[in-house]
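Some notes on the structure that comes next.
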Amino acid sequence: MGIRRISADQADLRTIEYAFAQSPMPADARAKWTEAMSYNTDSVVLISEEDGVSVTEASAVRLRQNIRGTVYAMAGIAGVAAQPQVRRRGYIRELLTELLGQMREEGHAVSVLYPFRASFYAKFGYVGMPKPRFARFDPTGLSDLRALELDGETEWQQISAGYPLYRGLNERLLTQRHGFAVFPESRDVRIRDRDEHWLVTAKSGGEVIGAAAYRIDRDGGNAILHADSFLHAGPLGRSLLLRFFAMHADHMQEIVVPVAPDEFPELWATDLTGPIEVKPLAGHAPMGRVLSVEALEGMAVGPGRIGVEIVDDPFIAGKYVLDGTSGRLEITPGAPEVTLTSAGFAGLVYGVLSPEEIVLRGLGTIPDQAGLATLFPRQVPYVFAAF
Ligand SMILES: CC(C)(COP(=O)(O)OP(=O)(O)OC[C@H]1O[C@@H](n2cnc3c(N)ncnc32)[C@H](O)[C@@H]1OP(=O)(O)O)[C@@H](O)C(=O)NCCC(=O)NCCS
């Protein structure tokens, strides 16, 4: 079996379509698929071949992600598939290891994916992260927001016109929000080019502080304002967006908005408490892993100094002393006091697992749990970019 890199437009549609699409694919669906794939030109695509015929494929999107306040190059893994006749022979293990290695060489410090089954990717060193949810409510529940005096205003237009504002807010949140990930612009512009969303933006003091891309769906006699994004830099941006939605009270029967894992939509307005429904989004929760410990040098951490050994991993196995005395992570060689798997280490870096949970889940041996908990305080990542 040989592995080689191809350009995204050379992808063998048989492998990918068979795994992820209606297959064999009707012509109209193929046109849509090809259109979507044309925005992946920046992705790294690897295939493996048997007797010169491509039998597996995996790709990586070049994203950026905020981890504890610093922005890192992140490899977003997608389109992992093997043709049925070659499954369970270890081909994907080899292909994915090669892909992650190449992304690491290119400077990607971390990697995120949306698994078909979390236990499959746990074997590749990934740890689960919280799943975004959505809230569904009647806009009359927002009525107390209509009269609010807020220091800002909203602007309403189609996404093709407002895209630069939308992208600008994404870039802003990338620098502000733990876990937040942003696509390369070459892929992000698909939402602008398709032009299937309205965009409401919230501004204050000349700054964009909130944005929601939404469409209106009709379900029988019901009109539903369905937002595919609901992004804000804080309570003012959120309130400005919700005040705009409140103006739809006698127009829409329902509003559906995505909710970050650390938000409580029942607290957004007084009368939202009753009829609000909050559910996880469809699909699996994201997972993340670290590809280079050294690349995390300088990340904001809590005080403390601990020697760790990361075991059983092709990329980050080794002994490191993690020193947060200055408030920024310093990494030197040294004797380990604790042992972690790659998933255990990712759980600490992303802030999703406490040392106690890591031990309980069999992801490490940690005699000094308090020290490691201080070094990596809990945080709630919101990945946002979905692929
Ligand atoms: C999932 C898929 C890519 C696995 O490919 P594969 O070539 O069979 O994988 P490998 O043989 O390299 O197996 C890698 C490891 O995962 C395990 N594994 C394979 N398929 C698995 C499954 N469905 N569930 C759980 N573990 C699985 C293997 O036992 C192996 O473990 P080990 O290395 O510890 O022994 C393949 O079945 C496929 O294309 N499925 C349809 C598309 C899909 O769901 N892709 C994933 C998208 S996120």
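Nothing here was measured: the structure is a model prediction, and the numbers come from that model. Whatever order the structure lists them in is the order used to number ligands and atoms, beginning at 1.
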Return the residue, atom name and 0.1 Å-rounded distance of the protein heavy atom closest to [atom].
{"atom": "atom 39 (O) of ligand 1", "result": "A82 N, 2.8 Å"}
{"atom": "atom 9 (O) of ligand 1", "result": "I92 CB, 3.5 Å"}
{"atom": "atom 38 (C) of ligand 1", "result": "R87 NE, 3.4 Å"}
{"atom": "atom 43 (C) of ligand 1", "result": "V80 O, 3.8 Å"}
{"atom": "atom 30 (C) of ligand 1", "result": "K123 NZ, 4.1 Å"}
{"atom": "atom 23 (N) of ligand 1", "result": "R88 NH2, 3.4 Å"}
{"atom": "atom 14 (C) of ligand 1", "result": "F120 CE1, 3.9 Å"}
{"atom": "atom 25 (C) of ligand 1", "result": "R117 NH1, 3.5 Å"}

Q: Would you please determine whether F20 falls within less than 4.0 Å of ligand 1 on a heavy-atom basis?
A: yes
Can an N or O of [X] be found at a distance shorter than 3.5 Å from an N or O of ligand 1?
{"X": "G90", "result": "yes"}
{"X": "R93", "result": "yes"}
{"X": "V86", "result": "no"}
{"X": "A19", "result": "no"}
{"X": "R89", "result": "yes"}

Within the side chain of [X], is there an N or O that forms a donor-acceptor pair under 3.5 Å with the backbone of [Y]?
{"X": "R289", "Y": "Y126", "value": "no"}
{"X": "N66", "Y": "G69", "value": "yes"}
{"X": "R243", "Y": "L148", "value": "yes"}
{"X": "D313", "Y": "I316", "value": "yes"}

Taken in chain and number order and not counting sequence neighbours, the residues that satisfy ring-ring contact (aromatic ring centres under 6.0 Å, His included) with Y114 are F387
The ring-ring contact (aromatic ring centres under 6.0 Å, His included) partners of F120 (sequence neighbours excluded) come to F116, F124
In short, R177 meets D262 closest at the heavy-atom pair NH2-OD1, 2.7 Å
Taking only non-hydrogen atoms of A81 and a 4.0 Å limit, the atoms of ligand 1 in range are 39 (O)
dist L199:CG -> Y214:OH (nearest 0.5 Å) comes out at 8.5 Å
*Does one side chain, of Y320 or T332, offer a donor that lies under 3.5 Å from an acceptor on the other?*
no
In the structure I gave you, are the side-chain heavy atoms of R187 and R62 within less than 4.5 Å of one another anywhere?
no
| query | Are any non-hydrogen protein atoms located under 4.0 Å from atom 41 (C) of ligand 1? | reply | yes
